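These figures come from a predicted structure and were not determined experimentally.
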Amino acid sequence: MRSSAPSPLPVLLARLRMPLMWLAMAALLAGYLGLSWWVGGVLLLVALAVHLRLGTPRCAPRVLAPPVRGRWMALTSPVDSVPSQGTHAYGQTYALGLVAEDGTRPDIAWRPLSRPPEDFPAFGARVYAPADGTVVRVHDRQRDHRSRNSWLWLFGTVVENTLREFRGPSGLMGNHVVIDIGGAHVLLGHLRRGSAAVAPGDRVVAGQPIARCGSSGACTEPQVRMQLMDLPHPLFAAGLPVVWGRGWKAGTPDSEGLPETWRPVEVTGPYAVPADQSGSAGD
């Protein structure tokens, strides 16, 4: 069984990812002042490699409860790809992106270009605490935007999300809640504006409703993001692996795991989460 803590090198790279990117950008700008463009180019290549691919934290996954109930589907999942979001930055290595799929969810098409968030079954759905812990961060002011689930909008989201990143992690995560669960921090993102039912310092228990699903931040439609990090702020955090406890999936009461991408499942919530929450899943 793997150790419960990641090795030091991936953690170090997690702390250096954003400073490396800032240094590379500064070196490129300094090219106008006489610094060799080769310096900025090499630094940028190194920064992009660390930002996107290098330094995967590997350790025993924490066993948590799912943050949603009902029929949901993963748009991104570490079951199929790591890093699941295509980048290690902002603690996203093992992030889950979940959308409700009850048969009424609009699919990607050319028209309409966008839809109001109310057209999607996930919008307004309850979001639950995945473990006992203490709330350390609540961001609840961003508006819920229209969908980006038309082909034209999807092409444009690359530029849009780059611009959102200038606002820092909140620009990407949208409204979010971070919970200290002892030794790690779980972030629930893309929440509905004004829906947070908790505040920093509040104690929560697994399964407690804490907010509602929204369409804030860098998301193409209303969804719930869940990611586990070693720090409370994603800017310098390393993403950590997680599984949902036994009983999370209807019809399979004895299995731990996570949903696969593009495969809707009925999420029921686990029968029990280990008291120490240290994880019991194998490699």
Side-chain angles (χ1 to χ4, degrees), residues 1-21 45-67 74-98 130-133 136 169 172-173 176 178-189 206 224-246 248-249 252 254-263 265 270 273-283:
M1 180 179 290
R2 293 177 182 172
S3 167
S4 60
S7 57
L9 180 59
V11 174
L12 174 63
L13 291 179
R15 309 291 188 259
L16 294 177
R17 277 192 184 100
M18 296 315 299
L20 274 175
M21 188 62 71
L45 288 176
V46 172
L48 286 174
V50 174
H51 194 81
L52 299 175
R53 292 295 167 187
L54 299 181
T56 302
R58 302 190 186 280
C59 58
R62 295 285 293 262
V63 180
L64 304 180
L75 295 183
T76 57
S77 171
V79 172
D80 302 286
S81 177
V82 176
S84 57
Q85 300 284 120
T87 175
H88 290 295
Y90 306 117
Q92 299 179 94
T93 301
Y94 297 96
L96 269 169
L98 303 163
D132 299 353
V136 295
L172 299 176
M173 312 298 178
H176 60 274
V178 179
I179 305 171
D180 182 348
I181 61 172
H185 300 78
V186 60
L187 181 148
L188 301 168
V224 175
R225 171 195 291 261
M226 175 182 174
Q227 63 186 57
L228 191 67
M229 312 176 296
D230 67 336
L231 296 180
H233 197 289
L235 189 61
F236 303 112
L240 303 176
V242 61
V243 293
W244 291 349
R246 289 188 296 271
W248 71 270
K249 183 179 179 182
T252 56
D254 296 324
S255 67
E256 297 173 340
L258 292 172
E260 301 174 69
T261 54
W262 302 106
R263 294 195 177 186
V265 293
V273 174
D276 62 0
Q277 300 188 14
S278 59
S280 60
D283 292 348

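- When every heavy atom of Asp230 is checked against every heavy atom of Ala238, the shortest pair comes out as OD1-N, 2.8 Å.
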query = Checking side-chain contact (heavy atoms from CB on, under 4.5 Å) for the pair Trp248/Val243: CA distance, chi angles, key distance, verdict?
reply = CA-CA 10 Å; Trp248 71 270; Val243 293; over 6 Å; no
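- Atom CD in Gln85 sits 9.5 Å away from atom CG in Leu172 (nearest 0.5 Å).
- Formation of a donor-acceptor pair under 3.5 Å by the Ser77 side chain with backbone atoms of Ala74 is not found in this model.
- Under the 3.5 Å distance criterion, the side-chain polar atoms of Arg62 are left unmatched by any main-chain donor or acceptor of Val242.
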request  = Could you go through the side-chain contact (heavy atoms from CB on, under 4.5 Å) check for Leu231 and Arg15 one step at a time?
outcome  = CA-CA 10 Å; Leu231 296 180; Arg15 309 291 188 259; 3.6 Å; yes
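- For the pair Pro130 and Leu188, the minimum side-chain heavy-atom distance is below 4.5 Å.
- Here the rule is side chain to side chain contact (heavy atoms under 4.5 Å, CB included) with His88, and of Leu13, Val50, Thr93 only Thr93 fits it.
- Between Ala95 and Pro78, the closest heavy-atom pair is O-CD, 3.6 Å.
- The salt bridge (charged side-chain N to carboxylate O under 4.0 Å, His left out) search around Arg53 returns none, not counting sequence neighbours.
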request  = Take Arg17 and Thr87, measure what side-chain contact (heavy atoms from CB on, under 4.5 Å) needs, and give me the verdict at the end.
outcome  = CA-CA 11 Å; Arg17 277 192 184 100; Thr87 175; 5.9 Å; no
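- For the atom pair CZ (Phe236) and CG (Leu16), the distance works out to 9.5 Å, reported to the nearest 0.5 Å.
- The distance from the CG atom of Asp254 to the NZ atom of Lys249 is 13.0 Å, given to the nearest 0.5 Å.
- Judged by distance alone, the side chain of Thr76 and the main-chain N or O of Ser84 form no donor-acceptor pair under 3.5 Å.
- When all heavy atoms of Pro241 and Tyr94 are compared, the closest pair comes out as N-CD1, 3.4 Å.
- Using a 4.5 Å heavy-atom threshold, the side chains of Pro169 and His233 count as touching.
- Using modelled atom types, one side-chain atom of Gln227 and one backbone atom of Tyr90 make a donor-acceptor pair closer than 3.5 Å.
- Heavy atoms only, all atoms of each residue included: Leu187 and Met229 are closest at CB-CE, 4.0 Å.
- Between Gly55 and Pro10 the shortest heavy-atom distance is O-CB, 3.7 Å.
- In this structure, Trp244 and Pro259 approach most closely via the heavy-atom pair CZ3-CD, 3.5 Å.
- Going from atom OG1 of Thr261 over to atom CG of Leu75 covers 9.0 Å, rounded to the nearest 0.5 Å.
- Applying the side-chain hydrogen bond (donor to acceptor under 3.5 Å, both in side chains) test to pairs two or more places apart or on separate chains, none has a residue in residues 178-189.
- With sequence neighbours excluded, the residues satisfying ring-ring contact (aromatic ring centres under 6.0 Å, His included) with His176 are His139.
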